[in-house]
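In what follows, a structure is listed as structure tokens, so that the remarks can point back to it.
Everything quoted here is computed from the prediction, not taken from an experiment.
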Amino acid sequence: FCAAFASCCSKSSVTLFPVSDFETTVDGKEVSLYTLKSGDLTMQVTNFGARVVSLWVPDKDGHHEDVVLGYNKLENYVNNPGERFLGAVVGPYANRIAGGTYTIGEETYNFPQNNNGQTLHGGTLGVDCIVWDVKEATESKIVFTCELPDGQDGFPANRAIEMTYELTPNNEFAVSYNATTDAKTVLNLSHHSFFNLKGEAGGTITDHILQIDADYITPTDEYLIPTGEILAVDGTPF
């Protein structure tokens with residue numbers, strides 16, 4: 001995953017959240033807030049759920065806005081009053097598993113049904129509600145690691161995951177993942193920031209335009225589970 005943002009010469013101020021509003025202990029592990037800078041970008045990240053808390057980028061006139069939705073203190077992420085997945089990494093299986101069951105070889109596994117009878121983004125705990133270890137932190141890059149034990153949320157195998165967030169000199173926010181496992185399992189990690197290019201307090205995004213160069217879509221049923229059909233976009237709203 002890599003998102004690129006336009007830049008310009010002049011700059012306006014960036015408002016950072018205080019580290020003290022994110023420093024605490026969750027499940028016996030220390031949580032903090034980290035600030036990354038490169039090019040014209042500034043990002044703040046907490047290791048609780050490896051969440052992007054803010055991402056400041058300039059518009060064409062050099063005015064910076066925070067384009068990622070998030071909370072201003074850790075308490076609201078831990079005891080979440082609304083959207084659970086703001087800015088987090090999601091997994092071990094992003095998106096939905098139909099009926100909360102999955103068969104690997106001859107073994108069928110059952111997972112928490114936390115979304116209309118389906119398993120969403122890994123179930124009850126996932127990787128968004130854990131404290132990640134910080135393996136490395138530089139001015140422009142942070143490397144997170146975690147170990148998921150066999151059976152967490154019903155998923156098989158012991159899994160070791162390493163994930164890197166990096167701001168590049170070309171004004172890119174890059175995310176990379178690497179994982180190893182000691183047995184057959186399913187793994188599908190993704191990043192879950194909610195973007196508003198007007199700024200996180202800029203109102204609706206219904207006038208944003210996103211173009212995806214695709215010839216086909218995978219239709220979904222009423223529970224957002226793919227039907228298995230591969231449908232051409234011709235003649236559809238897509």
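Between the side chains of Thr35 and Gln44, a donor-acceptor pair is found at a separation under 3.5 Å.
Placement of Val26 and Leu33 within a single hydrophobic cluster is found when ILVMFWY residues are connected by side-chain heavy-atom separations under 4.5 Å, directly or transitively.
In the hydrophobic clustering, where aliphatic and aromatic side chains (Ile, Leu, Val, Met, Phe, Trp, Tyr) are joined below 4.5 Å either directly or transitively, Ile205 stands alone.
Judged as a side-chain contact (heavy atoms from CB on, under 4.5 Å), and not counting sequence neighbours, the contacts of Phe238 are Ile217, Val233, Thr236. In terms of the side-chain contact (heavy atoms from CB on, under 4.5 Å) criterion, residue partners of Cys129 (sequence neighbours excluded) are, by chain and number, Arg84, Leu125. Qualifying side chain to side chain donor-acceptor pair (under 3.5 Å) partners for Ser20, counting only residues two or more places apart in sequence or in other chains: none. Applying the ring pair (Phe, Tyr, Trp, His ring centres under 6.0 Å) criterion to Phe155, with sequence neighbours excluded, gives Phe111. Residues passing the side chain to side chain donor-acceptor pair (under 3.5 Å) test with Asp133, sequence neighbours excluded: Lys29. The ring pair (Phe, Tyr, Trp, His ring centres under 6.0 Å) search around Phe48 returns none, not counting sequence neighbours. Residues satisfying the ring pair (Phe, Tyr, Trp, His ring centres under 6.0 Å) criterion with Phe194, sequence neighbours excluded, are His192. Qualifying side chain to side chain donor-acceptor pair (under 3.5 Å) partners for Thr204, counting only residues two or more places apart in sequence or in other chains: Thr206.
At a threshold of 4.5 Å between non-hydrogen side-chain atoms, the residues Val52 and Met43 count as touching. Tyr71 has its side chain out of reach of Val53: every pair of non-hydrogen atoms, C-beta onward, lies at least 4.5 Å apart.
Aromatic ring orientation, Tyr165 versus Phe144: perpendicular (interplanar angle above 60°, classes split at 30° and 60°).
Under the side chain to side chain contact (heavy atoms under 4.5 Å, CB included) rule, Ile161 has a single partner from Thr145, Leu189, Thr180, which is Leu189.
Applying the salt bridge (Lys or Arg N to Asp or Glu O under 4.0 Å) test to residues at least two apart or on different chains, the pairs with a partner in residues 147-171 are Lys135-Glu162. Evaluation of the side-chain hydrogen bond (donor to acceptor under 3.5 Å, both in side chains) test over residues 211-224, restricted to residues two or more places apart or in two chains, returns none.
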Give the table of side-chain donor-acceptor pairs shorter than 3.5 Å for residues 85-109, with sequence neighbours excluded, one pair per line with atom names and distance.
{"residue": "Arg96", "atom": "NE", "partner": "Asn115", "partner atom": "OD1", "Å": "3.0"}
{"residue": "Thr103", "atom": "OG1", "partner": "Thr108", "partner atom": "OG1", "Å": "3.0"}

